[in-house]
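Shown next, in structure tokens, is the structure this report addresses.
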Amino acid sequence: MHPYRTHTCGELRPAHAGREVRLSGWAHRKRDHGNLVFLDLRDHYGLTQCVIDTASPLFAEVEKVSPESVVTVTGTVVARSAETVNATLATGQVELQISAFNIESAADMLPMQVAGDAEYSEDLRLRYRFLDLRRDRLHANIVLRNQVIASIRRRMIEQGFMEFQTPILTASSPEGARDYLVPSRIHPGKFYALPQAPQQFKQLLMISGFDRYFQIAPCFRDEDARADRSPGEFYQLDLEMSYVTQDDVFAAVEPVLHGVFVEFAKGAPVTPTPFPRIPLAESMLRYGSDKPDLRNPILISDVTEAFRGSNFGLFARVVEKGAVVRAIPAPKAATRPRSFYDKLNDWAKAEGMGGLGYAVFADNEVRGPIAKNLEPARLEAIRTASGVAAGDAVFFVCAPKAEAAKFAGAVRTRLGQELELIEANVFKFCWVTDFPMYERDPDTGKIEFSHNPFSMPQGGLEALTSKDPPDILAFQYDIVCNGVELSSGAIRNHRPDIMYKAFEIAGYSAADVEARFGGMLSAFKFGAPPHGGSAPGIDRIVMLLAGEPNIREVVAFPMNQQAEDLLMGAPAPVDPARLRDVHIRVEMPKAKEPRGS
RNA sequence: GGGGGUGUAGCUCAGUCCGGUUAGAGCGCCGGCCUGUCACGCCGGAGGCCGCGGGUUCGAGUCCCGUCACUCCCGCCA
């Protein structure tokens, strides 16, 4: 007999009755009846009830085994009597009569219980991640992650994509997030950087003639964490294709994401392909966000003209100075008490808005402080624009365009939640397209790349030379699901002449471009196919499919918000000799104690 | 870098608003009883720098100041 197991803890069925078997696993839970003990043995595959009574000399040993000890149990499979079958357990029709018992590894008193669904602080869970990973929820999430990645890989290969590995130690990229730096021992004062994404490598692979690239790629960015953003590192389904238009990329990505979501959504509806395409400008107007949550039925509209020159002086004056007014409908909110509106007003102030005006479209009248100051024609214009019916209310945001869009989006989200309008258990996808190539820094007035500097401007060189930079759009797109940005991508700029011009507009000389992207640029000068791609975030996909609100729930060993690994103790000070090896001298910030480890 | 929330037993939390006897509960742990449970049940017990430091007060878990940790958000994330 195998020293550890003949079967797994999820395997035994009535057909095994009478067989002598051996199981190994963790002592999940014990029910001690004094002269009879039930021991639930757990492994990756399931749970099996083992039983022993005082007739056995092993009884005392089994009775005192501590939870989460690893044990090997040998015995006879016994069919349970009808009254004692546990229908909630896959192995619940049988149990194991213990005839031999060996403790492989005894467990101390636990800082957190594995059995049961008690909640623990994230601090504790990260410190004892190996215990947390044994628990149902996290264990299932990591299994799901594995299945999602396997499915993605299969779907990509079926579509003719080749999987690559690209360097982890690479060069710092001048645009984008802060890099993680790795000092060079051989080259004093020089550093490698961990890749923020394999962006340049995948483009080089296209130029190298491989046609269709993908990678489940680790990406490293030294930026602060969020609930949906891992500190330090995360994974992307990075992909790139040659000789493609934007539509070709969409047509390649959609079936993969749609297929994976249908496969793992447990019956929840998934937007059919092709996914809706929403230009960024429309997204900002109608949804108040560059990542619209289409589960929320509320649509924002512009009602600036209804307030221009009106008796509602507060808005009229600001509109004269160039502000816009956005209307956010609140379906069936007319019967809500005054407190509903006051509460939202207080919330708006706390969010940094001046307040939140509103009008209530009741059956025969329009009520509210703003409505009193507007003529019927103006109210009718608002009603038409916002599409409200009798019984609805409308909220108003008045501010400079960008700010108004953002606040209106926050109001839309808040109303969707308050009025319980957000559709549950559904995955709603869309593409957000036509991102601008540049934006003007509001403080300095300087023109900067708004997203990826390697994107192809719509209209090519001609657009760059003839248009006002903020008006130039790029073949740049995001994919959004339920208000979560899953990926961004672009058709790349493969033309050196266009690239020099694009960088020139953002204030980089030809020499700058050559110094920073010399490798890429030389590649473009020796025959580069038109190409483009995208990079959906793996962690976010799994997070959505697992129904988790936090990305750390789908990562086996995440760092905490301070980018520390509490289990391994990273980051940590290193021996001075090792610092000398890499020519580093540490200068501590003043008046701040270093974080201990 | 900034703002909000949290910090009390191994763990999850109550008590803090409005200062006053020996700081409680559930789970876990230890001991006892229990032969059909599956979140087993019953009885008993141990376990506390009330995050840390300072202050106010006759008296601080509770009020004030500072600080640290965790978390959520803003900045940041081409």
Side-chain angles (χ1 to χ4, degrees), chain A residues 28-42 47-56 59 63-64 66-68 78 80-89 91-92 95 107-128 131-132 173-179 196-197 199-200 219-232 234 350-352 406 410 435-439 448-455 474 476 485 488-490 502-503 506 516-517 535 537 549-550 552 560-562 564 566 589 591-593 595-596:
Chain A
H28 183 70
R29 195 173 254 135
K30 213 170 34 179
R31 290 173 295 283
D32 186 348
H33 292 245
N35 292 309
L36 174 75
V37 168
F38 297 100
L39 173 67
D40 291 339
L41 202 62
R42 184 197 73 243
L47 209 64
T48 300
Q49 173 167 285
C50 305
V51 63
I52 193 167
D53 66 23
T54 40
S56 166
F59 180 82
E63 189 183 32
K64 67 173 199 285
S66 58
E68 293 308 305
V78 180
R80 297 203 207 176
S81 66
E83 318 84 69
T84 59
V85 162
N86 183 350
T88 62
L89 210 60
T91 61
E95 64 193 9
D108 286 348
M109 212 220 313
L110 300 164
M112 65 192 288
Q113 288 156 249
V114 172
D117 54 4
E119 290 187 16
Y120 299 95
S121 72
E122 189 152 35
D123 198 23
L124 189 84
R125 293 176 54 203
L126 291 174
R127 203 173 291 280
Y128 298 97
L131 288 179
D132 202 17
S173 62
E175 294 286 328
R178 265 185 299 274
D179 291 310
Q196 295 181 23
Q199 179 66 34
Q200 295 188 54
C219 303
F220 305 89
R221 296 179 189 176
D222 185 5
E223 295 295 346
D224 289 334
R226 287 290 181 280
D228 65 353
R229 207 162 80 202
S230 300
F234 61 97
E351 290 285 302
K406 190 177 145 209
F435 279 79
M437 190 80 191
Y438 303 98
E439 58 195 34
E448 296 175 333
F449 286 112
S450 60
H451 291 87
N452 186 334
F454 300 116
S455 300
Q476 166 101 37
E485 182 192 314
S488 59
F503 275 89
R516 292 173 176 196
F517 308 109
N550 189 306
R552 293 186 293 270
N560 67 8
Q561 193 170 262
Q562 277 64 245
E564 294 165 305
L566 298 176
K592 261 279 192 195
E593 289 295 311
R595 286 179 193 285

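Convention: sequence-line order gives letters A, B, ...; per-chain numbering from 1.
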Using whole Å, what does the distance between atom P of nucleotide B:rC70 and atom CG of A:L566 come to?
7 Å
Send over the distance from A:Y120 OH to B:rC70 C1', rounded to a whole Å.
18 Å
Using a cut-off of less than 4.0 Å, is there contact between a side-chain N or O of A:Q562 and OP1 or OP2 of B:rC70?
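Yes, because at least one side-chain N or O of A:Q562 sits under 4.0 Å from OP1 or OP2 of B:rC70.
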Can you see if the side chain of A:R127 gets near the phosphate of B:rC70 - specifically, an N or O under 4.0 Å from OP1 or OP2?
no
According to the Watson-Crick and G-U wobble definitions, with both distances under 3.5 Å, which nucleotide is paired to [N]?
{"N": "B:rU12", "value": "B:rA25"}
{"N": "B:rC70", "value": "B:rG5"}
{"N": "B:rG41", "value": "B:rC33"}
{"N": "B:rC58", "value": "B:rG20"}

What's the closest nucleotide to the side chain of A:E564 if the choices are B:rC77, B:rC70, B:rC72?
B:rC70
Proximity to the side chain of A:N560 - top-ranked nucleotide from B:rG75, B:rU71, B:rC11:
B:rU71
Please work out if [X] contacts a base, only the sugar-phosphate, or nothing of the nucleic acid, heavy-atom cut-off 4.0 Å.
{"X": "A:A118", "value": "nothing"}
{"X": "A:Q199", "value": "base"}
{"X": "A:E122", "value": "sugar-phosphate"}
{"X": "A:D228", "value": "nothing"}

Who passes side-chain contact (heavy atoms from CB on, under 4.5 Å) against A:E63, sequence neighbours left out?
A:D32, A:V37, A:F59
Expressed as a whole number of Å, how far does the P atom of B:rA23 sit from that of B:rA9?
14 Å
Considering only the P atoms, how many Å lie between B:rC64 and B:rG20, rounded to the nearest integer?
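The answer is 15 Å between these two P atoms.
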Mind checking what makes salt bridge (charged side-chain N to carboxylate O under 4.0 Å, His left out) contact with [X], not counting sequence neighbours?
{"X": "A:D222", "value": "none"}
{"X": "A:R42", "value": "A:E68"}
{"X": "A:R29", "value": "none"}
{"X": "A:D123", "value": "A:R127"}

Apply side-chain contact (heavy atoms from CB on, under 4.5 Å) to the pair A:Q196 and A:C219, showing each step before the final yes or no.
CA-CA 5 Å; A:Q196 295 181 23; A:C219 303; 5.9 Å; no
Letter by letter from the 5' end, nucleotides 28-41 of chain B scores (B base, S sugar-phosphate only, - none; protein heavy atoms under 4.0 Å) SS----BBBBBSB-
Nearest heavy atom decides the nucleotide; on that basis, is A:A227 or A:D123 closer to the 5' end of RNA chain B?
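Nearest nucleotide further toward 5': that of A:D123.
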Anything under 3.5 Å between a protein N or O and an N or O of nucleotides 6-8 of chain B, put it in a table, one pair a line.
none

Got a sec, which residues hit ring pair (Phe, Tyr, Trp, His ring centres under 6.0 Å) with A:F38, two or more places apart in sequence or on another chain?
A:H33
For A:N452, what residues pass the side chain to side chain donor-acceptor pair (under 3.5 Å) criterion, not counting sequence neighbours?
none
